[in-house]
Structures are given as C-alpha cells and as structure tokens.
Amino acid sequence: MDKSFEPRQIESKWYARWEASGDFQPSGHGEPYCILLPPPNVTGTLHMGHAFQQTVMDMLIRYQRMRGLNTLWQVGTDHAGIATQKIVENQLAAAGQTRHDLSREAFVERVWQWKEESGSTITNQMRRLGVAADWSRERFTMDEGLSSAVRKVFVEWFRAGLIYRGNRLVNWDPALGTAVSDLEVNNVERDGHLWSIRYYTVDNSDSVVVATTRPETMLGDVAVAVHPEDERYAHLVGKMLRLPLSNREIPVIADDYVDREFGTGFVKITPAHDFNDYAIGQRHNLAPINIFTLDAKVNENAPEQYRGLDRFEARKRVLADLETEGLLVETKPHKLQVPVSQRSDAVIEPMLTDQWFVDLTSDHGRKAITEPALDAVRSGEIKFVPENWSTTYTQWLENIQDWCISRQLWWGHRIPAWYDEAGNIFVGENEADARAHAAVPPVGALRQDEDVLDTWFSSALWPFSTLGWPADGPVKNERGEVVADWQADKIFLPSAVLVTGFDIIFFWVARMVMATKYFTGQVPFREVYINAIVRDAEGQKMSKSKGNTLDPLDLIDGIELEPLVEKSTKSLLIPQVREKVEKRIRKDYPAGIPAIGTDALRFTFAALASYSRTINFDIKRAEGYKAFCNKLWNAARFVLMNVENGAIAAAGTPPATEAERWILTRLKQTLGDVEQHFLTYRFDLLAQELYEFVWNEYCDWFLELSKPALNGDDAAAAASTRRTLLVVLETVLRALHPIVPFITEEIWQSVAPLLGLTEAALLRRPWPKAGDIAADEAATAEVEWFKNVLSGIRRIRSEMNIAPGKTIPLLLADGDAADRARAAKFAAQIAFLARVDAPQWIDAGVDEPAAAAAVVGSMRVLIPLAGLIDVGAEKTRLGKEIGRIEGEIRKCEGKLGNANFVANAPAEVVAQERQRIADWGTQLSALREQLLKLG
RNA sequence: GGGUGCUUAGCUCAGCGGUAGAGCACCGCCCUUACAAGGCGAUGGUCGUAGGUUCGAUCCCUACAGCACCCACCA
C-alpha cells in the first residue's frame with residue numbers, strides 16, 4: 001500500500017469495476033428492498049443536496065445488500081418541463097430567437113438534442129459519489145414506457161370522472177405564459193401601497209371609499225362589497241355606483257368575507273384577477289371581466305387609453321387619472337404578500353383560462369384519491385422519519401385544492417385529449433382510442449390539445465411506472481435492453497424507504513401516494529426519511545444568487561482559488577453582489593478548496609445526518625473526516641506490515657491475549673450499536689460510533705498494545721495477535737463500507753487474501769453481525785485497568801515536563817492481589833508504551849522515595865522524583881485532584897443523605913451511588929497518603 | 001392566522017430523567033520506524049429565561065424571549 005491515502009487514485013479505479021460486475025443490480029434472492037431515487041432534472045448538475053441525499057440512499061442500499069437482501073436502487077432522470085424548456089429557450093434567445101420562430105416539432109426536437117448532450121452530466125456525477133445504483137434500469141420520465149404510463153393514468157382518471165377540464169381562475173405566470181400550480185407560487189412580502197379610491201353612487205348623492213393594493217384591477221371591478229352587518233354602510237347595499245375611469249355601473253353588495261376593521265370597510269370586487277373576488281363573484285352571480293392579455297397587458301375590455309399597457313404601467317396611469325379626477329383619497333405605504341412564480345420570479349396574475357384538473361375535493365375525488373392518501377399515513381402504513389412530518393403531510397391533504405395539471409408549454413407529455421370542430425372533448429391513449437370511446441360522434445377533424453402535463457404528473461407514477469407498469473411483459477429502452485418487467489418487478493413495490501427533502505412532500509411524496517394507491521392498491525413506500533437541507537457553514541441557504549453554493553465535485557477533487565471565484569461569480573449580474581461574493585470567497589478559501597475525496601465527503605454527510613432539519617456544511621468538518629480516512633489507511637498499513645512477515649494463527653484459534661479479547665468485545669458492542677443506528681436512520685451516531693472505535697479504540701489502544709505482543713517472545717501470542725489485527729480490521733471495513741466505499745474496498749482487497757477470503761468485492765461480503773463475536777467482559781476490566789495506569793503515568797510525564805523519550809523508573813504501592821496480577825500481565829506493555837523500566841512493587845512499611853503519583857483504585861503508581869520532579873508542583877497537582885474528588889464525594893453524600901432519594905430512587909441507582917462514593921473514597925485516601933509522604 | 005422546529009464548550013452539533021459529550025478551533029510538550037492529515041496532555045459549559053412535576057431536570061410540563069422554516073384569500 002502507498003505511504004499515504006490518495007483518494008483520487010483509489011476512486012478512479014473502483015467504480016467502473018463495480019458497475020461492470022453487476023453487483024449493483026438486484027441479486028435475485030433474498031427479501032426485496034427497493035429505494036427510489038428522486039429523479040433529478042435531466043439537465044441538472046449535482047448539488048450538495050443531491051450528494052447528501054444520495055449518500056444516505058447509498059449507505060442504506062449497500063448495507064441491505066450486504067445483509068443479503070434483494071436490493072434495487074431505481075435511478076433515472078426527470079424531464080423537468082419548465083426548467084429544461086427554459087434552458088433551450090435561453091439558447092434560442094442568445095441567437096435572437098424565441099421558440100415560436102421554430103415549429104413545435106422542431107423546438108421539441110431541439111430539446112431532445114440538448115437532453116442527449118447534457119443528460120448524462122448528473123448521472124456521471126453520481127457515479128463519482130460511488131452510488132451503488134442499478135444503471136441498467138435507468139429511466140427517463142419521457143421515455144416511451146413512462147409516457148405510456150402517463151397516458152394510461154390520464155385516460156383512466158378522466159374516464160373515472162377524476163380529471164376534468166374547466167375555465168377556472170388559475171395562477172398564471174405571464175413571463176412563461178403558462179399556468180402553474182399553487183405549489184409553484186411563493187408569497188413574498190414586499191413594500192407596496194394601500195390606495196383609497198372614491199366611487200360615487202350613480203346619482204352622485206353618496207360615495208364609498210375602497211382600499212386596494214392593486215388599483216389597476218379596478219378596470220375589471222364588478223361590484224363593491226361591505227360586510228352584511230356593517231351598520232355604517234347598510235343603507236348603501238343594493239345601490240349602484242359609477243366605476244371611475246370605466247364609467248360602468250356596479251352594485252354595492254353585502255358579503256361576510258369583508259373585514260370591517262380593515263381599510264375603509266369597502267372592498268372592490270375583481271373576480272377575474274383575484275381568487276377571493278372570484279369566489280364572491282360566484283356567490284353573487286357577477287360575471288367576471290378579464291382585463292389582461294396572457295402577457296399581462298391591459299386588453300380590450302378596458303377603456304381605450306389603457307389598452308396595451310403593461311399591468312404596472314397601467315397602475316401608474318390609473319393612479320394619475322384618479323388623482324386628476326380628485327378620486328384618489330389616500331396613499332399610504334403598506335406591506336403585502338405578492339405571489340411570485342417560483343420558476344420565473346414574475347408576479348403571478350390570477351387569470352381565467354381553460355385548464356385540466358385532477359379532482360381532489362369533490363366527494364368523488366376525495367373518496368377515490370385524497371382519502372386513501374391520507375389513510376396511508378394515518379394508519380401508519382407509511383411512516384415518516386422524523387415522525388412529525390406526517391403532520392405536515394396530513395394537514396396539507398386536509399386542505400388540498402384540485403390539482404391544475406395542464407401547462408402551456410411545449411416540452412412535456414402532451415395531454416391525450418382531442419377536440420372536434422364543435423369543441424367536444426375526446427380523451428384516449430391516442431386519437432383512435434379517443435374516437436373509439438367517443439360519447440358523441442366527432443364533428444369534422446380532431447385536433448390534439450396543445451398543452452402538456454405538469455412535470456409532477458409523471459413523477460407521481462415513478463414508483464410503479466419504472467417497474468414496467470402498465471406493460472404486461474418486458475419493457476425495453478431505446479437501445480433495446482430490458483429495463484423492467486412489471487410481472488417480475490412488482491416485488492419491489494412498495495419500496496422500502498423514500499429518501500427525500502421536505503420541500504417536495506407536497507409536490508411529489510403526496511402525489512406518489514395518491515397515484516400509486518389508486519393504480520396499484522399499494523403504498524409506494526413504507527417509510528419516508530426526510531433528509532435535512534444542506535446549508536453553508538453560516539447556516540445560510542445555498543443559492544447561486546448568493547454565490548455561496550459548494551459543488552460537491554469541488555470538494556472531492558479540490559479547486560484552486562481563481563477558478564472557484566470565477567465559477568461562483570459568473571452568473572451574478574449585479575456588480576455589488578459579485579464583489580461581495582468574491583471578497584467572501586477570497587476570505588473563506590484563501591488557498592482554494594482542498595481535495596478531500598469522495599469518502600471523506602460521504603463520511604461528513606453521514607456524520608451530519610441527525611434528525612435536525614438543516615445541516616450546516618462546514619468544510620473544516622470534512623477535512624477532519626479526511627484525516628479519519630488517512631488514519632484508517634495508516635492503520636491498515638501497520639497491520640499489513642506486521643502481518644505479512646509472520647505466522648497468522650489459524651481461524652478458530654481462541655485469542656491469546658487480554659488485548660485481543662478486549663478489542664473483540666468492543667467490536668461486538670460497536671456493531672450492535674451500528675445495527676441500531678441503521679434501523680433508526682441515525683447516520684450521525686453510526687458514523688461517530690465507527691469513528692470512535694477505529695480511532696480511539698483500535699488505533700489508539702489495540703494497535704499500540706499489539707506492538708509488544710508482535711515483537712515479544714511468545715510466538716503463539718504474536719500469531720494470535722496478527723489474526724485479531726486482521727479480523728478486526730476486515731470486520732470494521734465491512735461495517736464502514738456503506739459510508740466510505742472506496743477506501744474500504746481498496747484496503748480490503750489487500751486484507752482479504754490474508755484471511756483466505758475469496759469474494760471478488762467487499763460488497764459481496766456478509767454484513768458483520770455482533771452476535772458472531774464473543775464478548776469477554778473480564779478482559780474489558782483488565783484493559784481498562786491498564787489504560788488507567790498508562791494515562792496516569794502519561795499525565796505525570798506531561799505535567800511534570802519529563803522528556804517523552806526518556807525512560808524512567810516506575811514503582812507500584814498498595815493495591816490488592818488483582819493489581820499485582822494485572823501489573824505482571826501487562827508489564828511489557830506498560831514498559832513499552834509508558835517508556836518506563838519494569839515496574840517494582842514497594843512493600844508496605846518500607847521507606848519509599850519521594851515520587852509523583854497517580855492512583856488507580858487503591859494502587860499508587862509512583863514516578864520517583866530523583867531530580868525529575870518539582871515537589872511543590874506535584875503537591876499542587878495532588879491538591880487539585882484531591883479537591884476534585886472531594887467535590888464528587890460531596891455530591892454523592894448529598895444524594896445519599898437525602899432520605900427521599902434512598903427511599904424513592906430505584907435500588908440500582910442507590911447502589912451505584914454507594915459504589916461511586918466507595919471508589920472515590922479509595923482514591924481519596926490513596927491521594928492523601930501520597931500527599932503526606934511528600935511531607 | 002394555523003403549523004413545525006431550534007436555543008448545550010469560541011464555532012458546528014450529539015445527548016434527553018440519575019457522574020455534561022464529539023469534531024473543529026485554542027494552549028503546552030513531542031518529527032517516538034502505521035499515521036505531523038500524527039502522538040501525549042491541558043483549558044473551556046450554573047445545557048435561552050421563569051415557574052412547575054419529581055427523591056433527582058440539560059432532558060418531562062407550562063409560560064415567556066429570541067431565531068428559523070412551512071402553510072394560509074385580509075383588500
């Protein structure tokens with residue numbers, strides 16, 4: 001093995017071999033265990049969130065694979081309608097074109113081309129992470145198989161009366177020219193104004209003052225509303241008002257939606273551009289007046305002078321005109337929630353358009369789709385981890401709206417609906433099917449609906465569409481390879497656990513439950529592990545506009561300062577932001593980002609994966625775990641160097657030394673805990689457990705303890721120690737493999753032959769079970785004793801400034817028979833590791849030299865002063881220790897002196913307290929005796 | 001307005017009813033042949049505040065404060 005750990009070399013070597021070996025595909029035996037990859041955008045690149053999430057999935061898959069389960073990690077990519085279409089549109093824009101300059105077919109063809117060119121970027125990046133995913137079954141949400149699933153679901157839901165088309169007020173993104181769902185709209189608080197405007201009655205005898213944040217919408221007003229019980233204005237209800245600027249007559253109506261306390265108590269009603277007003281309009285039978293075109297300019301329903309103006313321009317004009325007419329009563333600053341499109345940042349305009357919806361709210365829709373999805377979680381059939389996310393899920397479904405599934409885009413699954421010349425709708429998997437199911441004979445030619453489906457519609461089918469549904473037989477990809485076969489593959493439904501972010505519980509998780517329940521009768525997964533959101537070291541959300549994103553590949557490979565600055569600032573358009581980001585990067589990463597390797601990155605993710613909902617990614621922490629990898633590497637080097645040239649005890653030989661029995665006992669405990677942490681998804685505790693075992697037990701103590709054994713005269717002990725060194729290493733490599741696959745594989749390949757192991761790869765080894773290892777509690781006590789003696793001596797050496805290389809004498813006093821036996825047993829180890837001469841016992845009553853002391857139980861461990869030690873300093877040291885122990889004893893006495901404690905606390909707690917006070921007492925008297933001896 | 005979290009060492013976080021822990025940072029001594037990406041040792045916390053339950057509270061309950069996030073139609 002190389003002298004130091006070089007992640008780059010190791011990583012480049014293994015992935016291709018693993019993938020080619022077929023070990024990432026289902027083994028075909030054992031209990032099925034499936035994980036669905038949340039399909040990333042096909043044109044996307046790997047970000048920290050992906051890397052974190054995928055590390056979690058990979059740990060689970062590798063673990064279960066080693067446990068002998070029939071594992072499938074189903075991977076694939078999502079066509080990501082809007083995002084992908086926008087990328088290609090931007091390319092066109094750079095050439096001064098829009099998609100409308102191309103035909104629809106040509107545009108879509110161009111998007112496919114782009115997908116072919118860049119679609120494998122993210123999957124190749126995933127490979128760098130080492131994911132044990134089954135690439136032979138990779139799917140794309142727009143491939144033929146998945147598209148046929150989409151068509152079938154649409155048609156079946158339509159025929160079941162669960163999908164309908166209607167002219168409804170929807171969230172319209174005027175920049176993208178499409179409807180978007182409620183979920184794709186963010187409400188952003190902005191500084192605006194509240195304007196008060198006077199409307200006169202038609203006879204000019206009276207007037208009302210309405211308050212609005214959007215004065216331009218008054219062009220579409222159809223009424224003014226007051227609260228039915230508002231006595232101030234009761235006399236106005238039913239009167240007609242003259243709408244300023246438009247000169248239309250509109251009624252004053254009473255509706256209890258109005259809040260009497262807010263504004264003036266009058267609300268203008270614009271049903272075509274406000275969701276509340278729409279509802280009020282319906283209640284009062286008022287026809288909405290749409291005043292905007294689809295790109296949010298004033299249309300022909302408004303007075304001539306405003307037509308063609310953008311809505312924000314129109315606002316200015318309206319205000320100016322009102323001012324002129326003396327109708328603008330008041331203007332005051334006002335904070336308001338503005339609906340903004342997630343995709344384009346454009347302000348959403350509620351717009352009346354024809355759209356397709358999935359019915360989730362009528363009795364029929366609730367019974368067929370919504371309720372089963374709620375029941376799946378309420379009944380515990382699906383469990384969230386952490387558990388409280390089920391509240392989020394449940395509450396959303398309880399207040400759900402119908403799902404608007406049509407999008408006015410070109411890239412996506414075209415809606416399988418056709419219209420005849422009379423406007424009748426025909427739905428079917430294709431035109432012929434639509435005709436065949438026609439309720440009325442079509443009039444003239446059929447033309448297909450122009451719209452495509454919401455991207456999440458196809459994602460909702462992912463749990464079963466990827467397994468081959470609805471085809472009866474094998475499904476092939478475009479290269480003719482079989483990627484799924486529903487009859488055989490439905491064993492992977494339900495999948496075991498879905499690992500995903502809370503931000504798509506509504507978008508994706510809930511909708512998968514709805515669709516999967518409806519079409520397969522099964523839940524899509526048994527558990528949903530909601531992973532934390534990765535933020536930067538300061539807890540800020542990572543975003544390109546803040547320039548604080550980290551590219552997982554930059555952490556793996558490292559990046560120089562200048563390229564990092566360039567990369568982080570290139571998409572920042574505002575110079576001030578750019579400057580700020582550059583400054584921060586130069587400060588945070590003066591030497592760029594060091595290469596930490598995939599394993600260290602993965603270990604970091606594991607170590608950060610507690611149940612907390614955000615994790616702050618600190619590169620310092622990652623560097624620490626790279627050090628851990630290096631430690632493991634060097635420990636392996638030590639073992640190999642010491643094992644290769646000596647006899648290794650045969651398998652089954654009982655361990656010869658206390659140290660071996662102790663490390664095996666600790667290994668057993670560690671494995672038991674690791675098992676538990678896998679069950680509860682506590683990867684942080686799991687990582688910590690293994691970290692501590694490797695570093696603080698195996699390296700710090702066992703490797704050190706093995707040195708005297710390896711170099712000693714006892715050949716049997718040496719051979720046995722060699723075996724144990726190897727066995728523990730090999731076992732711990734197996735336990736670590738799900739977290740750090742590359743380094744463990746690399747080391748394991750060298751270790752395996754020495755143990756006669758014949759598997760081709762570490763992933764094929766069985767998961768190490770605690771139950772297979774024998775515990776020896778007595779050995780633990782022995783080694784703990786030894787560690788106490790050694791720590792005592794080291795403390796003296798350090799605090800008394802005794803040169804580390806200097807061999808010094810060691811005396812032992814008092815103690816009992818057990819201490820004598822142990823001292824004899826560990827004599828060589830003590831001498832070697834503490835750099836002391838062979839320990840000498842001092843008999844009671846014999847004069848002893850002045851010495852510095854440590855106390856282990858009732859035994860005093862003495863380093864004679866003889867010019868080495870400052871008596872004053874030693875007295876101070878002892879005094880301090882005595883003070884500390886007296887404090888502990890006082891605490892114990894306090895408890896035991898409390899009659900209520902003794903009466904009420906469990907017996908073992910009281911006994912433990914008595915034991916403690918006795919132990920402290922023993923130490924205290926030894927220390928006091930020592931202080932006396934120093935005079 | 002409804003909901004969900006968080007507040008523990010300088011920083012990032014575990015612990016969650018019975019002796020306050022880790023990583024990183026900091027301090028001292030060491031290039032001791034696995035490892036200076038290292039070794040040995042030391043320092044550092046009245047566990048947000050106030051009550052309550054309990055023999056005992058960082059942990060459970062209540063209130064308060066601060067900080068996040070999600071959902072929602074106040075013009």
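Sequence lines set the chain letters: A, B, ... in the order given, protein chains first and strands last, and positions in each chain run from 1. The figures that follow rest on heavy atoms only: side chains count, while hydrogens, waters and symmetry mates do not.
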Does the ring center of A:Phe605 lie less than 6.0 Å from the ring center of A:Phe617?
yes
Whether A:Ser798 contacts B:C40 is assessed here as follows: a side-chain N or O lying under 4.0 Å from the phosphate OP1 or OP2. Is that the case?
no
Select one nucleotide: of B:A37, B:A22, B:G3, the one nearest the side-chain heavy atoms of A:Lys626.
B:A37
If you assign each of A:Phe506 and A:Ala636 to its closest nucleotide in RNA chain B, which residue comes earlier from the 5' end?
A:Ala636
Walking RNA chain B from its 5' end, the first of A:Pro7 and A:Leu336 to be reached, judged by nearest nucleotide, is A:Pro7
Base, sugar-phosphate alone, or nothing: which one does A:Lys707 contact when heavy atoms must sit under 4.0 Å apart?
base
Per atom distances to the A:Arg682 side chain, the nearest of B:U12, B:A14, B:G39 is B:A14
Charged N to carboxylate O under 4.0 angstrom, A:Glu886 versus A:Lys891?
no
Salt-bridged, A:Glu623 to A:Lys626, with N to O below 4.0 Å?
no
Looking only at B:U43, B:G41, B:G39, the nucleotide nearest the A:Ser791 side chain is B:G41
Check the distance between B:G3's P and A:Ile505's CD1 and give it to me in whole angstrom.
18 Å
Check whether any side-chain nitrogen or oxygen of A:Lys3 sits under 4.0 Å from OP1 or OP2 of B:C35, and answer yes or no.
yes
Does a side-chain N-to-carboxylate-O contact under 4.0 Å join A:Lys268 and A:Asp221?
yes
Between A:Asn399 (CG) and B:A72 (C1'), how many Å, whole number?
9 Å
Kindly indicate whether a cation-pi arrangement holds for A:Arg682 with A:Tyr611, taking the cut-offs as under 6.0 Å to the six-membered ring centre and within 45° of the axis.
yes
Applying a 4.0 Å non-hydrogen cut-off, can you work out what A:Cys699 is touching in the nucleic acid: base, sugar-phosphate, or nothing?
base
Pick base, sugar-phosphate or nothing for A:Arg916, based on heavy-atom distances below 4.0 Å to the nucleic acid.
base
With a 4.0 Å cut-off on heavy atoms, is A:Arg621 in touch with a base, just the backbone sugar-phosphate, or nothing at all?
base
Proximal nucleotide (of B:G38, B:A14, B:C40) relative to the A:Lys631 side chain:
B:G38
Salt-bridged, A:Asp618 to A:Lys620, with N to O below 4.0 Å?
no
Would the distance check show the side chain of A:Thr370 and the main-chain N or O of A:Leu360 forming a donor-acceptor pair, the cut-off being under 3.5 Å?
yes
Give one of base, sugar-phosphate or nothing for A:Leu685, where a contact means two heavy atoms less than 4.0 Å apart.
sugar-phosphate
Rounded to whole angstroms, how far apart are CZ on A:Phe603 and P on B:C24?
12 Å
Just compare B:C55, B:C69, B:A42 and give me whichever is closest to any side-chain atom of A:Pro906.
B:C55
When you check the phosphate oxygens OP1 and OP2 of B:C55, does a side-chain N or O of A:Asn904 lie under 4.0 Å from one of them?
yes
Each base of RNA chain B marked ( ) or [ ] if paired in-strand (Watson-Crick or G-U under 3.5 Å), | if paired to another strand and . if unpaired gives ((((((((.[[[[.)..(..]]]]..((((.......))))......[[[[[..)....]]]]])))))))....
I want to check one thing: is the phosphate of B:G56, taken as OP1 and OP2, less than 4.0 Å away from some side-chain N or O of A:Asn900?
no
A:Asn634 side chain, from C-beta outward: closest of B:A34, B:G39, B:A22
B:A34
What is the nucleic acid contact for A:Val902, judged by heavy atoms within less than 4.0 Å: base, sugar-phosphate only, or nothing?
nothing
Looking at the base of B:A22, is there any donor atom on it, or on the side chain of A:Glu689, that sits under 3.5 Å from an acceptor on the other one?
no
Compare the minimum distances between each of B:A14, B:C55, B:G38 and the side chain of A:Asn898, then state the nucleotide with the smallest one.
B:C55
Under 4.0 Å, counting only non-hydrogen atoms across every strand here, what does A:Asp259 touch: a base, just sugar-phosphate, or nothing?
base
Distance check needed: B:G56 P versus A:Glu913 CD, whole Å only.
14 Å
May I ask you to check whether A:Asp684 and A:Gln688 show a side-chain donor-acceptor distance below 3.5 Å?
no
B:U19, B:G23, B:A34: which one has an atom nearest the side-chain heavy atoms of A:Gln912?
B:U19
Check every strand shown and say whether A:Phe617 touches a base, only sugar-phosphate, or nothing at a heavy-atom separation below 4.0 Å.
nothing
Does B:A42 have its OP1 or OP2 closer than 4.0 Å to a side-chain nitrogen or oxygen of A:Arg795?
yes
According to a strict under-4.0 Å criterion, is A:Trp695 in side-chain N/O contact with OP1 or OP2 of B:G39?
yes
Just to be sure I understand the rule, does A:Phe275 reach a base, reach only the sugar-phosphate, or reach nothing, if contact means heavy atoms closer than 4.0 Å?
nothing
Atom CZ of A:Arg797 to atom P of B:A42: distance rounded to whole Å?
15 Å
Under 4.0 Å between a side-chain N or O of A:Ser612 and OP1 or OP2 of B:C13?
no
What nucleotide, of B:A34, B:G18, B:C29, holds the atom closest to the side chain of A:Ala905?
B:G18
Would you say a side-chain N or O of A:Arg535 is under 4.0 Å from OP1 or OP2 of B:A68?
no
Below 4.0 angstrom, N of the basic side chain to O of the carboxylate: do A:Glu893 and A:Arg890 qualify?
no
With a 4.0 Å cut-off on heavy atoms, is A:Gln915 in touch with a base, just the backbone sugar-phosphate, or nothing at all?
nothing
Nearest whole Å is fine: how far is B:C73 P from A:Arg168 CZ?
17 Å
Without decimals, in angstroms, what is the distance between A:Glu623 CD and B:G38 P?
11 Å
What does A:Phe502 touch in the nucleic acid at a heavy-atom separation under 4.0 angstrom: a base, only the sugar-phosphate, or nothing?
sugar-phosphate
N/O donor-acceptor pair under 3.5 Å between A:Ser390 side chain and A:Phe384 backbone
no
Atom pair CZ (A:Arg190) and NZ (A:Lys335), whose distance is rounded to the nearest 0.5 Å
12.5 Å
Does B:G18 have OP1 or OP2 under 4.0 Å away from a side-chain N or O of A:Lys891?
no
Is A:Arg835 touching bases, backbone alone, or none of the nucleic acid, heavy atoms closer than 4.0 Å?
sugar-phosphate
Atom CD1 of A:Ile530 and atom P of B:C69: how far apart are they, to the nearest Å?
18 Å
Out of B:U19, B:C74, B:C13, whichever nucleotide has its closest atom nearest the side chain of A:Ser610
B:C13
